Amino acid sequence: MKKFWVLFSLFILPLVFYIFLSKGIYKYSNLPVLTENVLAINQFSFESKATFNNNLSIVCFLGNEINTAKGSMFNLNQTIYKRYYQKPYFQIVAIIPEASKEQYKEAIAELSAFTDISKWNFIYTNEANITKLFDSFETPFSLNEAWYSNNAYIVDMESRLRGRKDDEDTKDGKLYGYNMKSVATLKNKMKDDIDIIYYQLKKSAEKEKRRKREI
């Protein structure tokens, strides 16, 4: 019996661990592209220098109902922004109707009281531009009458919408956006998916370093 446990610990256990790890890495290293060529945001605002290019962007459409927007901003800030704002490439892009700019000053001031908001980018533009940008995401959702969306979206450095194709909580498995009203969704799904992209970036950088060493 003792011999069995010695063999188990030396050969079988490492093999089981390897299989488990390899499956985990495979799942962890792939986050599907759901939409190619999301429209560039720098065409909608001359005040902001924010761009999707070479940035990992969390995009939210906050609309003109400030009370609704404040709850979404707070959840996104506490659950996602504070975890990633010191990482390279990361930013949050908030799309807001330009007529609501004054309304948002107080909410932004409240946000900045306890948070370094340098990676928050507030884009103010007209409703037509907001609709045009949102439609380029090609999701099954629509903005409400206040130009607000419940969801935050992940746009990668190549202006592609990223998400899931095997989500267990959606009818067809596709997860285009992450409900900002649900801290559980942000914490258990969006956080995991952002981690996947950073994992991909790390592996790509390591591969590029090896390639340069071989040249």
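Note that the coordinates shown come from a computational prediction; the quantities given were computed from them, not determined experimentally. Note that the numbering runs from 1 along the sequence shown for the chain.
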K.L.:
Under 3.5 Å, which donor-acceptor pairs do the side chains of residues 145-156 form with other protein atoms, sequence neighbours left out?
P.N.:
residue : atom : partner : partner atom : Å
Y148    : OH   : S72     : OG           : 2.7
S149    : OG   : N151    : N            : 3.2
S149    : OG   : Y153    : OH           : 2.9
N151    : OD1  : N179    : N            : 3.4
D156    : OD1  : E158    : N            : 2.9
D156    : OD1  : S159    : N            : 3.3
D156    : OD1  : R160    : N            : 3.0
D156    : OD2  : R160    : NE           : 2.8
D156    : OD2  : R160    : NH2          : 2.9
D156    : OD2  : R162    : NH1          : 2.9

K.L.:
Any chance CZ of F74 has more than 12 other-residue heavy atoms, nucleotides or ligands included, within less than 6.0 Å?
P.N.:
no

K.L.:
In Å, rounded to the nearest 0.5 Å, how long is the span from CG of N77 to CD of E110?
P.N.:
12.0 Å

K.L.:
Any heavy-atom pair between the side chains of D166 and E168 that's under 4.5 Å?
P.N.:
no

K.L.:
Regarding K101 and the six-membered ring of Y124, is the cationic atom NZ or CZ under 6.0 Å from the ring centre and inside 45° of its axis?
P.N.:
yes

K.L.:
Please round to the nearest 0.5 Å and tell me the distance separating atom OG1 of T115 and atom NZ of K82.
P.N.:
4.0 Å

K.L.:
Passes salt bridge (charged side-chain N to carboxylate O under 4.0 Å, His left out), K174 versus D167? Steps please.
P.N.:
CA-CA 6 Å; K174 291 185 178 180; D167 184 68; over 6 Å; no

K.L.:
Should we count CD of E36 as having more than 12 external heavy atoms under 6.0 Å?
P.N.:
yes

K.L.:
For C60 and W120, which heavy atoms make the closest approach, and how far apart are they?
P.N.:
SG-CZ3, 4.4 Å

K.L.:
Kindly indicate whether the side chain of N126, heavy atoms from C-beta on, has any atom under 4.5 Å from the side chain of F44.
P.N.:
no

K.L.:
So with a 6.0 Å cut-off around NZ of K132, is the heavy-atom count from everything else above 12?
P.N.:
no

K.L.:
Given the ring of Y81, does K119 sit roughly above its face, with NZ or CZ under 6.0 Å from the centre of the six-membered ring and within 45° of the axis?
P.N.:
no

K.L.:
Are any of the side-chain heavy atoms of L201 and M157 separated by less than 4.5 Å?
P.N.:
yes

K.L.:
OG1/T79 to NZ/K191 distance, rounded to the nearest 0.5 angstrom?
P.N.:
10.5 Å

K.L.:
Please say which of I130, N144, I123 ends up in a side-chain contact (heavy atoms from CB on, under 4.5 Å) with F61.
P.N.:
I130

K.L.:
Check whether any side-chain heavy atom of T125 lies under 4.5 Å from a side-chain heavy atom of S45, and answer yes or no.
P.N.:
no

K.L.:
Can you check whether I197 reaches Q200 side chain to side chain, under 4.5 Å on heavy atoms?
P.N.:
yes

K.L.:
Applying ring-ring contact (aromatic ring centres under 6.0 Å, His included), name anything that partners Y84, two or more places apart in sequence or on another chain.
P.N.:
F90

K.L.:
Does the side chain of I80 come within less than 4.5 Å of M190's, by heavy atoms?
P.N.:
yes

K.L.:
Are Q86 and D116 close enough that some pair of their side-chain heavy atoms sits under 4.5 Å apart?
P.N.:
no

K.L.:
In the structure I gave you, are the side-chain heavy atoms of Y178 and D193 within less than 4.5 Å of one another anywhere?
P.N.:
yes

K.L.:
Kindly compute the distance separating CE (M73) from CG (L111), expressed to the nearest 0.5 Å.
P.N.:
4.5 Å

K.L.:
Can you tell me if CD on Q43 sees more than 12 non-hydrogen neighbours from other groups inside 6.0 Å?
P.N.:
yes

K.L.:
Under 6.0 Å from the NZ atom of K189, do we count more than 12 heavy atoms belonging to anything else shown?
P.N.:
yes

